[in-house]
Amino acid sequence: MERQRIIVGVWKDRLTPVESREAAQILAQGFPSGSVSYIAGIAPAVISTLSVRDVFRDSALVTVAQDVHWPADSGSYIGSTSLAMLTESKISYCMVGHSERRRFFHETNEEVALKLKGCLDSGIKPILCIGDSENDPDARAAVLSDQIQGSLGDSELSARVDEIIVAYEPVWAISTWRSERGLPTGSEVAEMLALVREILEQNTKTDPAKVSVLFGGSVAPENADDYFSQPDVDGALVGGASLKPESMTAVFRAGESAWGGD
Ligand code: PGA
């Protein structure tokens with residue numbers, strides 16, 4: 001399976017439905033109508049998912065779910081969105097295990113694994129988010145190994161990691177939680193993603209060279225060119241900078257200039 005390049009703007013719960021629709025319209029107008037060599041998407045808040053999907057209908061932009069609940073039977077899981085709802089709504093990408101879900105909703109590796117399996121079984125491509133808050137490289141490797149082993153260690157998933165997109169988002173680089181530490185340069189990002197691939201190699205049965213690995217954490221027009229020029233950076237999750245259509249469009253353009261159009 002070919003590695004896919006992908007850039008996703010993640011609106012979290014920051015834009016209202018009206019703001020989301022307006023921002024989606026501006027993005028759709030500014031996005032090239034010809035084919036591009038990467039997937040460009042937006043993950044709106046759940047309440048805006050269908051209206052954003054409708055705005056994107058005639059464009060190349062895709063709508064990504066921020067989360068999903070895993071049980072195969074939709075039913076008594078109040079407040080959640082089922083896999084069946086995503087498939088019926090033609091949402092074919094879904095984020096799983098974002099650090100804010102782990103932190104505020106106490107999502108565990110076991111739940112993340114169930115969501116990953118559910119997505120794959122439903123034909124939805126999951127974007128598995130992993131991340132640490134560590135300064136020390138050994139401590140970082142231990143946290144990432146635990147997340148990768150805990151969510152992908154299962155024998156079935158372990159052999160299917162090339163069907164999953166992995167996004168490495170160090171919590172200290174995420175704009176809302178950013179520490180005093182400066183943001184990484186492109187080559188530092190490349191080094192961190194190499195560590196992720198090393199840990200994938202140790203803990204799964206999939207060749208990590210076949211796995212798309214993205215970076216997330218304060219990606220913006222100012223650093224996107226540097227990040228995307230690194231051969232092993234397959235794209236990004238973009239939070240704060242995605243809230244303004246002009247800066248999201250600039251990040252998409254950085255992808256286009258790094259990877260070209262078809
Ligand atoms: P940020 O968020 O770009 O605002 O740092 C990224 C994320 O949380 O996925």
Side-chain angles (χ1 to χ4, degrees), residues 5-15 19-20 23 27 38-46 48-49 52 61-68 93-107 112 115-116 119 125-135 140 143-144 147 151 164-186 188-189 192-193 196 212-228 230 233-255 258:
R5 292 196 170 108
I6 176 163
I7 302 173
V8 178
V10 187
W11 289 347
K12 305 192 180 180
D13 62 352
R14 292 195 196 282
L15 299 185
E19 290 166 341
S20 298
L27 286 172
Y38 63 98
I39 306 286
I42 290 292
V46 69
S48 306
T49 304
V52 168
L61 292 162
V62 302
T63 308
V64 175
Q66 290 186 7
D67 185 37
V68 72
Y93 291 84
C94 181
M95 296 170 64
V96 174
H98 188 279
S99 56
E100 289 158 18
R101 297 246 13 125
R102 295 175 192 260
R103 175 171 173 187
F104 297 114
F105 300 91
H106 314 294
E107 204 160 286
V112 168
K115 290 181 182 197
L116 293 173
C119 283
K125 196 172 248 307
I127 304 174
L128 164 65
C129 304
I130 54 171
D132 62 282
S133 318
E134 308 296 339
N135 268 319
R140 172 177 306 150
V143 173
L144 295 181
Q147 290 178 357
S151 53
I164 293 170
I165 294 165
V166 176
Y168 173 56
E169 300 198 287
V171 177
W172 49 266
I174 292 183
S175 56
T176 329
W177 318 111
R178 204 147 106 194
S179 62
E180 294 296 293
R181 180 187 340 192
L183 288 175
T185 61
E188 285 165 341
V189 166
M192 292 188 277
L193 298 198
V196 169
S212 298
V213 185
L214 319 182
F215 180 72
S218 303
V219 177
E222 298 73 40
N223 54 23
D225 286 318
D226 185 20
Y227 291 176
F228 298 159
Q230 307 294 325
V233 177
D234 296 319
L237 297 185
V238 185
S242 71
L243 300 174
K244 292 217 164 54
E246 315 77 66
S247 52
M248 190 66 237
T249 297
V251 176
F252 285 147
R253 294 227 167 99

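Order of appearance sets the numbers: ligands from 1, and atoms from 1 within every ligand.
Residue Lys12 has at least one heavy-atom neighbour below 4.0 Å for each of these atoms of ligand 1: 2 (O), 7 (C), 8 (O). Close approach of ligand 1 to His98 is summarised as follows: ligand atoms under 4.0 Å from at least one heavy atom of the residue are 7 (C), 8 (O), 9 (O). For ligand 1, the atoms lying closer than 4.0 Å to a non-hydrogen atom of Ser175 are 1 (P), 4 (O), 5 (O). Annotation for ligand 1: atoms under 4.0 Å from non-hydrogen atoms of Gly240 are 1 (P), 3 (O), 4 (O). Near Gly239, the atoms of ligand 1 lying under 4.0 angstrom from a non-hydrogen atom of the residue are 1 (P), 2 (O), 3 (O), 4 (O), 6 (C). Under a 4.0 Å criterion applied to the non-hydrogen atoms of Ser218, ligand 1 contributes the atoms 1 (P), 3 (O), 5 (O).
Counting all heavy atoms, side chain and backbone alike, Leu193 lies closest to Val213 at CD1-O, 3.7 Å. Between Val219 and Ala224, the shortest heavy-atom contact is CG1-CB, 4.4 Å.
Side chains of Val166 and Val196 form a contact here, defined as non-hydrogen atoms less than 4.5 Å apart. Under the 4.5 Å side-chain criterion, counting only non-hydrogen atoms from C-beta, Asp67 is not in contact with Phe105.
Other residues, nucleotides and ligands place no more than 12 heavy atoms under 6.0 Å from the CZ atom of Arg253.
Using a 4.0 Å heavy-atom cutoff, Gly217 is listed among the residues neighbouring ligand 1.
Counting only N and O atoms by type, the side chains of Tyr38 and Asp234 include no donor and acceptor under 3.5 Å apart.
Ranking protein heavy atoms by distance to atom 9 (O) of ligand 1, first place goes to Glu169 OE2, 2.5 Å.
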